[in-house]
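Read through the structure below, which is laid out as structure tokens, and then see the notes.
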Amino acid sequence: MCGIVGYKGKRQVKNILLEGLKALEYRGYDSSGIAFKNDKEIQVIKSVGKISNLEEKLEKEKLIKCDMGIAHTRWATHGGPNEVNAHPHTSGKVTLVHNGIIENAHELKERLIEDGVEFKSETDTEVACALINSYYDNDMVKAINKACKDIVGSYAFAIMVEGDDKIYGVRKDSPLILGVGEDDLFLASDIAAIIDYTDKYILLDELEIVEISSDGYAITKNGRSVDKKVLTADLSSEARDKCGYDHFMLKEIMEEPVVLKKTLDPYIEDLDKLIDVSKYEEIHIVACGSAYYAGMIGKSLLEEKAGIRVVCDVASEYRYKKIIYDRKTLVILISQSGETADTIAAMRKAKEEKIDTLAIVNVKGSTIARESDMQVFIEAGPEIAVATTKAYILQVAIISLMAYKAAIKKGLEKDKNILKDFDILPRMLKEVLDRREEYLEIANEIYNKEDIFFIGRKIDYSICMEGSLKLKEVSYIHSEAYQAGELKHGTISLIEDDMPVFGILTDKDVREKTISNIEEVKSRGAKIIVITNEACNKYDLEVVVPKISDYCQAVLVVPVLQLIAYEVAKTRGCDIDKPKNLAKSVTVE
Ligand code: F6R
């Protein structure tokens, strides 16, 4: 979702900015643009669609000689995806790019119009640009500070102004880093944009303003200079390369056994290292999308095995609901990126109430990682495909291990051998992934269908939710996940001849019940595809995954659904790594 790159230095500005934008493509975007600046002028070039369109445009233009520039990929919020709305925006002397949303844009715009400002685009970004320009009186830091006081919302800005030789950056609720090269400096919303040039970076904190000039950089907050630590990124180039795979999604699925081992091993060696959640009387698990579905699996295990009351909610609802907290409540935030706006807001809501917060997170320097009280990191490494796969699996594995530890602590789990199941899980997962031919066969049976259902009960229903989401987001086939027993209360009317219905059958307590529901749809003509840990041998298609303890079973089932979704999307010719309308890191509400 939107990306920023800025550069000041002696290398070819155009190439660095373009390469940076390409590295950010995975975040999702619908237009892009660049601004170059020298002593005399600022040149802005924008384009709709792929970055290759911008590249073509740049080829045709006579570009100014310069040593600095800013660039942006836009994922439309205020105003459609067209060239006028694309960033950079210019107002008076100021040109800027922006990630985030200005919530009071309408009100600020009216005020600026009254002052005689004219607007060209429908964007909130142009409003911010005009606001900063209205405060600019040869002191950009002062103007930015004033504007930040007026703006309500989230932002990361990279700003250039006629008449000085600097790039400025500031952020609130949207990430921005300063890249520190040997002889040059960068601004970026994501380290991926600049990692080819430097792995040294500084994380800008809220409302810190960075000034990048030929002499170096200066960071201030409220007019006072701030000393910041230079960090080193551990983003290998291999992680950003498809390594021979056709798509990042496939590469990332195939990486699951390795990253699973890396994530679990330290806790298998010493379970005491894992945070103990057994002392809490109630746990709220809050997340979005797939991370929320991982949370649903955590809820089942924490309740059923460890006897802890758990509320699992999507962050966009939780943040606005009346929540009744108890002192003994723990809020668990699950997030791959650690930058999801709604999950951040949910975390802050709990913190305001002085409730303990625990983050299960992948990106170490992210807002959620930094602001939560406790952290458990998953070791997924960078996830480039927009649809999460390996990070989801690690989220499930970690919360399941937490449930196991809590169950032991509470004396409700006597089976010490379960840790061995976690230990062999990566190897078993590898065996499941190696059976790709079987999943391709299923994909070939369903790729041309319009509607697909996933049904299951309890944990199997949570698995259905993720299987259904994965399929619809990458293949654009409409699909729905249903609690198997609920279908007959209305939705069963949609079942038609040959409509694929996935039945997930891993929970032995409800297996027979789900089989009865599968029979109900089968008798109405559905094509039944069963994913189970115990063969049924009576349905159209069947995948039997190895049986393992309840704590680990989902980790052997969801990857099958991920691979089926991948194969279906590939057969349908979809843009698998960057599905339409989606963004990797959802930094707006
Ligand atoms: C789906 C997907 C999203 C994310 C969700 C939360 O494949 O990737 O549903 O899971 O946007 O993102 P994070 O985990 O970064 O908070």
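For clarity, every value in this text was computed on a predicted model and none was experimentally measured. Whatever order the structure lists them in is the order used to number ligands and atoms, beginning at 1.
- In summary, the aromatic rings of His72 and Tyr29 are positioned with their centroids too far apart to meet the 6.0 Å limit.
- Asp507 is linked by a salt bridge (charged side-chain N to carboxylate O under 4.0 Å, His left out) to Lys458, counting only residues two or more places apart in sequence or in another chain.
- In this structure, ligand 1 sits under 4.0 Å from heavy atoms belonging to Cys288, Gly289, Ser290, Ala291, Ser335, Gln336, Ser337, Thr340, Val386, Ala387, Thr388, Leu469, Lys470, Glu473.
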Let me have the donor-acceptor pairs involving side chains of residues 446-453, under 3.5 Å, with sequence neighbours excluded, atom names and distances please.
from	atom 1	to	atom 2	distance (Å)
Lys449	NZ	Asp498	OD2	2.9
Asp451	OD1	His478	ND1	2.6

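- Residues His98 and Phe157 place their aromatic rings such that the two centres sit under 6.0 Å apart.
- Side-chain contact of Ser290 with Glu466: a donor-acceptor pair under 3.5 Å is present, judged by distance alone.
- Considering only residues two or more places apart in sequence or on other chains, Phe422 meets the ring pair (Phe, Tyr, Trp, His ring centres under 6.0 Å) condition with none of them.
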